[in-house]
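Remarks on the structure that follows.
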Amino acid sequence: EVQLVESGGGLVQAGGSLRLSCAASGFTFDDYSIGWFRQAPGKEREGVSCFRSYDERTFYTDSVKGRFTISSDNAKNTVYLEMTNLKSEDTAVYYCAVDRESCLPILLVTGLHDYAGQGTQVTVSS
């Protein structure tokens, strides 16, 4: 059974930092691209970042470039999203997602990714 379990969300002041984790099980971790999308209240889902396993390339949406860093620990089957200089507009539920083919379904949030977790809430107070 495939499982993606996010953790690390919480309440932080603007300018602060959080590190999200996504622990994966039930599939061969390094065969998949893995990333994050988010959904803020009343807004559409937005792709945030993705780690493409086969060449270890990373992708970020423009609004988080320079502030967020995605990394993968294959030995732990875990992907991390280090978030710094957080802004109120980063407030959202953050979901971890994987896709065997590419990062596109995750970054474009097409709903066609293979699996996604239940999400973790990030709240940034201004």
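Residue numbers count from 1 along this sequence.
- In the hydrophobic clustering of ILVMFWY residues, with side-chain heavy atoms under 4.5 Å counting as a link, Val93 and Val98 come out apart.
- Judged as a salt bridge (charged side-chain N to carboxylate O under 4.0 Å, His left out), the pairs with a partner in residues 23-37 (not counting sequence neighbours) are, in order, Asp31-Arg100.
- Of all heavy-atom pairs between Ile106 and Ser49, the closest is CG2-O, 4.3 Å.
- Sequence neighbours left out, the pairs with a member in residues 9-35 that pass ring pair (Phe, Tyr, Trp, His ring centres under 6.0 Å) are Phe27-Tyr32.
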Could you tabulate the donor-acceptor pairs under 3.5 Å formed by side-chain atoms of residues 10-24, not counting sequence neighbours?
none

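- In terms of heavy atoms, Ala92 sits closest to Ala40 at CB-N, 3.7 Å.
- Checked by atom type and distance alone, the side chain of Glu6 never pairs as donor or acceptor with a backbone atom of Thr120 at under 3.5 Å.
- Asp73 is linked by a side chain to side chain donor-acceptor pair (under 3.5 Å) to nothing, counting only residues two or more places apart in sequence or in another chain.
- Within the structure, every pair that satisfies the ring pair (Phe, Tyr, Trp, His ring centres under 6.0 Å) test and touches residues 33-87, not counting sequence neighbours, is listed here: Phe37-Tyr95, Phe37-His113.
- In this structure, Cys50 SG and Leu107 CG are separated by 5.0 Å, a value rounded to the nearest 0.5 Å.
- Note: the hydrophobic cluster containing Val109 does not contain Tyr94 (ILVMFWY, side chain heavy atoms under 4.5 Å, direct or indirect links).
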Validation: residues 82-91 side-chain donor-acceptor distances under 3.5 Å, sequence neighbours left out:
residue	atom	partner	partner atom	Å
Thr84	OG1	Arg67	O	2.7
Asp90	OD1	Arg38	NH1	3.0
Asp90	OD1	Arg67	NH2	3.0
Asp90	OD2	Arg67	NH1	2.7
Asp90	OD2	Arg67	NH2	3.4
Asp90	OD2	Lys87	N	2.8
Thr91	OG1	Ser88	O	3.0
Thr91	OG1	Val124	N	2.9
Thr91	OG1	Val124	O	3.4

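- For the side chain to side chain donor-acceptor pair (under 3.5 Å) test, no residue two or more places apart in sequence or in another chain qualifies with Lys43.
- Residues in residues 49-61 take part in these salt bridge (charged side-chain N to carboxylate O under 4.0 Å, His left out) pairs, two or more places apart or across chains: Arg52-Asp55.
- Every residue two or more places apart in sequence or in another chain was checked for a side chain to side chain donor-acceptor pair (under 3.5 Å) with Gln118, and none qualifies.
- Think of Leu104 as one node in a network of Ile, Leu, Val, Met, Phe, Trp and Tyr side chains linked at under 4.5 Å; its network also takes in Leu108.
- Pairs engaging residues 104-119 under the salt bridge (charged side-chain N to carboxylate O under 4.0 Å, His left out) rule: none recorded [sequence neighbours left out].
- By the 4.5 Å heavy-atom criterion applied to side chains, Cys96 and Ile34 are counted as neighbours.
- Under the side chain to side chain donor-acceptor pair (under 3.5 Å) criterion, Ser53 pairs with no residue at all, not counting sequence neighbours.
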